[in-house]
Amino acid sequence: MSLLAVQGGATGTGTVTLLAPITNTNQTLTLPDATDTVAGIAATQTLTNKSIVATQLTGTIAAARLPAGSVLQVVNATRSGVSVTTSSTSDVSFGATASITPTSSSSKIYVIASGAAYLATGTNTEYAIAVQRNGATIPTAGNDGLTSIYGTGDLASSYVITILDAPATTSVTTYLVVAHRVNPGTCTLGNGVRATQLNQITLMEIAA
């Protein structure tokens, strides 16, 4: 028969009391056959070599605990029915607009902008389509655009722009699809042949 020995601490003056529960039935507390330290329910301790069944987990994992490359949040916006007649070399609002508030200043924002574009009554005209972040064109304020449409007369086209941006902020950040004239000419720039096709922009915060 194994024996149970209770040994006092080598130092210290306190008393440890083993308190039995209030019960009317016989209970058995089985100790492990190992040299170990008992973990307390209310104590702050680090468990090692333990596993927890996933179905027993509740709550939300903090974004800061997720590994690099994790998608922390997704924002999507759409816009249709846009038709702009202009000959300006300044940016005009053309596609969709969306705002996102990064949870960390080190996060990257993956921008995906897509849609249909249509040049009407243009003569040797080229328009650049780009994405602005808080009013400045990405990747630089002087960039002519990330994609363009060019032609004479009626011309239907489409665009897809993808950017991995680093806004370095935790403030609200707004991304907007814009267009401006590169070569001379006046034309109508619309979302598709009938200016009704859907344009959209998706923003994904990526953990760094």
*Asks:* Are any of the side-chain heavy atoms of I52 and L57 separated by less than 4.5 Å?
*Replies:* yes

*Asks:* Looking at N49, is its backbone amide N or carbonyl O close enough to the side chain of S51 to form a donor-acceptor pair, meaning the two atoms are under 3.5 Å apart?
*Replies:*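 No; judged by distance alone, with no hydrogens or angles, the pair does not exist.
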
*Asks:* Taking all non-hydrogen atoms of both residues into account, name the closest pair between A98 and A77 and its distance.
*Replies:* CB-CB, 3.9 Å

*Asks:* Stepwise, does the side-chain contact (heavy atoms from CB on, under 4.5 Å) test hold for I161 with I112?
*Replies:* CA-CA 6 Å; I161 299 174; I112 305 173; over 6 Å; no

*Asks:* Considering residues at least two apart in sequence or located in another chain, which fulfil the side-chain contact (heavy atoms from CB on, under 4.5 Å) criterion with S2?
*Replies:* none

*Asks:* Does the side-chain contact (heavy atoms from CB on, under 4.5 Å) test come out yes or no for T174 and T97, once each step is laid out?
*Replies:* CA-CA 7 Å; T174 300; T97 302; 3.6 Å; yes

*Asks:* How many angstroms lie between atom CD1 of I201 and atom CG of N76, to the nearest 0.5 angstrom?
*Replies:*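 Result: 9.0 Å between the selected atoms.
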
*Asks:* Do Y159 and N199 have side-chain N/O donor and acceptor atoms under 3.5 Å apart?
*Replies:*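 On atom types as modelled, these side chains qualify, holding a pair under 3.5 Å.
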
*Asks:* Report yes or no: does T17 contribute a side-chain atom to a donor-acceptor pair with the main-chain N or O of L19 at less than 3.5 Å?
*Replies:*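 Judged by distance alone, no pair lies under 3.5 Å.
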
*Asks:* Taking side-chain contact (heavy atoms from CB on, under 4.5 Å) as the definition, give me every residue that meets it alongside L72, ordered by chain and number, with sequence neighbours left out.
*Replies:*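 L72 satisfies side-chain contact (heavy atoms from CB on, under 4.5 Å) with A63, L66, S70, T103, S107, E205, A207 only.
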
*Asks:* Can you name the residues that form a salt bridge (charged side-chain N to carboxylate O under 4.0 Å, His left out) with D91, not counting sequence neighbours?
*Replies:*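 Salt bridge (charged side-chain N to carboxylate O under 4.0 Å, His left out) list for D91, sorted by chain: empty.
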
*Asks:* Heavy-atom distance under 4.5 Å between the side chains of Q200 and S114, does that happen here?
*Replies:* yes

*Asks:* Check step by step if side-chain contact (heavy atoms from CB on, under 4.5 Å) holds for T169 and S105.
*Replies:* CA-CA 4 Å; T169 183; S105 59; 5.7 Å; no

*Asks:* With clusters built from Ile, Leu, Val, Met, Phe, Trp and Tyr whose side-chain heavy atoms come within less than 4.5 Å, directly or transitively, what are the remaining members of the cluster of L176, listed by chain and number?
*Replies:* V178

*Asks:* Would a 4.5 Å heavy-atom cut-off, applied to side chains only, mark P102 and K108 as touching?
*Replies:*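 Sidechains of K108 and P102: no contact.
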
*Asks:* For L4, what are the other residues in its hydrophobic cluster, where any two members join if their side-chain heavy atoms are less than 4.5 angstrom apart?
*Replies:* L31

*Asks:* Please evaluate residues Y110 and D165 with respect to the criterion side-chain hydrogen bond (donor to acceptor under 3.5 Å, both in side chains), reporting the C-alpha separation (whole Å), side-chain torsions for both, the decisive distance (0.1 Å), and the verdict.
*Replies:* CA-CA 6 Å; Y110 186 44; D165 189 36; over 6 Å; no

*Asks:* Which residues satisfy the side-chain contact (heavy atoms from CB on, under 4.5 Å) test with I22, sequence neighbours excluded?
*Replies:* none

*Asks:* Does R133 reach the main-chain N or O of Y175 with its side chain, forming a donor-acceptor pair under 3.5 Å?
*Replies:* no

*Asks:* Minimum heavy-atom separation for T101 to Q73, with atom names?
*Replies:*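 Scanning both residues, the minimum pair turns out to be O-NE2, 2.8 Å.
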
*Asks:* Apply side-chain contact (heavy atoms from CB on, under 4.5 Å) to the pair V71 and I206, showing each step before the final yes or no.
*Replies:* CA-CA 5 Å; V71 178; I206 309 297; 3.8 Å; yes

